Amino acid sequence: MYKVSVIIPIYNTDEYLEKCIDSVCKQTYKNLEIILINDGSKDNSGKICEKFKLNDERIIYIDKENTGVSDSRNHGIDISSGDYILFVDSDDYLDLNMIEILHNNLK
């Protein structure tokens with residue numbers, strides 16, 4: 001079973017962030033590494049990330065100075081350990097079986 005690294009760059013999206021992270025954590029495919037990169041948010045995004053990190057050991061949380069979404073994605077790639085990488089925008093969410101469907105199509 002492949003490990004999938006899900007990288008979520010975050011910047012001031014606290015209005016959508018819980019739904020986003022929750023949709024990743026509840027995936028039917030469980031072999032995930034969830035990398036949250038807070039890119040210098042000034043809202044409550046950091047607190048939301050910390051709350052999720054306490055409840056899911058698959059989450060890696062990075063809080064860094066604002067350098068932009070591309071740098072945040074690249075930082076996520078640098079620390080990822082998955083066989084595959086999936087980028088999710090922090091104001092989006094996934095259907096609960098999306099990663100499982102992608103995994104099955106890989107096979």
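Source: prediction; values computed, not measured.
Scanning all heavy atoms of the two residues, the minimum distance from Leu94 to Ser23 falls at N-OG, 3.0 Å. Cys25 approaches Phe52 most closely through the heavy-atom pair SG-CD2, 4.2 Å. Across every non-hydrogen atom of Met98 and Gln27, the tightest pair is N-OE1, 3.4 Å. Heavy atoms only, all atoms of each residue included: Tyr29 and Lys3 are closest at OH-N, 4.4 Å. The two residues Gly40 and Tyr11 come nearest to each other via the heavy atoms O-CE1, 3.6 Å. Pairing each heavy atom of Cys20 with each of Val88, the nearest pair is SG-CG1, 3.9 Å.
Under a hydrophobic clustering in which Ile, Leu, Val, Met, Phe, Trp and Tyr are joined whenever their side-chain heavy atoms come within less than 4.5 Å, directly or via other members, Ile7 and Tyr2 fall into different clusters. Under a hydrophobic-cluster definition in which Ile, Leu, Val, Met, Phe, Trp and Tyr are linked whenever side-chain heavy atoms come within less than 4.5 Å, directly or via other members, Leu106 and Leu102 are assigned to the same cluster. Ile37 and Leu17 fall into different hydrophobic clusters, defined by Ile, Leu, Val, Met, Phe, Trp and Tyr side-chain heavy atoms under 4.5 Å apart, directly or through other members. With hydrophobic clusters built from ILVMFWY side chains whose heavy atoms lie under 4.5 angstrom apart, Leu96 does not share a cluster with Tyr16. A chain of hydrophobic side-chain contacts below 4.5 Å, direct or via other Ile, Leu, Val, Met, Phe, Trp or Tyr residues, connects Ile35 to Ile77.
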Apply side chain to side chain contact (heavy atoms under 4.5 Å, CB included) to the pair Met1 and Lys30, showing each step before the final yes or no.
-> CA-CA 10 Å; Met1 184 183 309; Lys30 300 297 183 191; over 6 Å; no
Please test Ile60 against Ile79 for side chain to side chain contact (heavy atoms under 4.5 Å, CB included), starting from the C-alpha separation and ending with a verdict.
-> CA-CA 9 Å; Ile60 298 168; Ile79 65 171; 4.1 Å; yes
Should Leu36 and Ile62 be marked as a side chain to side chain contact (heavy atoms under 4.5 Å, CB included) after you check the CA-CA gap, both sets of side-chain angles, and the distance that decides it?
-> CA-CA 6 Å; Leu36 308 176; Ile62 305 295; over 6 Å; no
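Formation of a donor-acceptor pair under 3.5 Å by the Asp14 side chain with backbone atoms of Asn44 is found in this model. In this structure a side-chain-to-backbone donor-acceptor pair under 3.5 Å is missing from Arg58 to Lys53. The backbone N or O of Thr28 sits nowhere less than 3.5 Å from a side-chain atom of Asn97 that would complete a donor-acceptor pair. Listed for the Ser41 side chain is a donor-acceptor partner under 3.5 Å among the backbone atoms of Asn12. A distance-only check finds a donor-acceptor pair linking the side chain of Glu33 to the backbone of Ser81 [under 3.5 Å]. In this structure, Asp39 contributes its side chain and Pro9 its backbone to no donor-acceptor pair below 3.5 Å.
More than 12 heavy atoms of other residues, nucleotides or ligands lie within 6.0 Å of CZ in Phe87, so this atom counts as buried by the packing criterion. Annotation for Tyr61: atom OH counts as buried by contact number, over 12 foreign heavy atoms lying within 6.0 Å. Within 6.0 Å of the NZ atom in Lys19, the count of heavy atoms belonging to other residues, nucleotides or ligands does not exceed 12.
In this structure, Ile21 CD1 and Lys26 NZ are separated by 12.5 Å, a value rounded to the nearest 0.5 Å. How far OG of Ser80 is from CD1 of Ile85: 3.5 Å, rounded to the nearest 0.5 Å.
For the pair Glu50 and Asp63, the minimum side-chain heavy-atom distance is 4.5 Å or more.
With Ile99 as reference, Val6 is the one residue of Val6, Asn104, Asn31 to meet the side chain to side chain contact (heavy atoms under 4.5 Å, CB included) rule.
Here salt bridge (charged side-chain N to carboxylate O under 4.0 Å, His left out) pairs that include residues 71-99, with residues two or more places apart or in two chains, are Lys64-Asp71, Arg73-Asp89.
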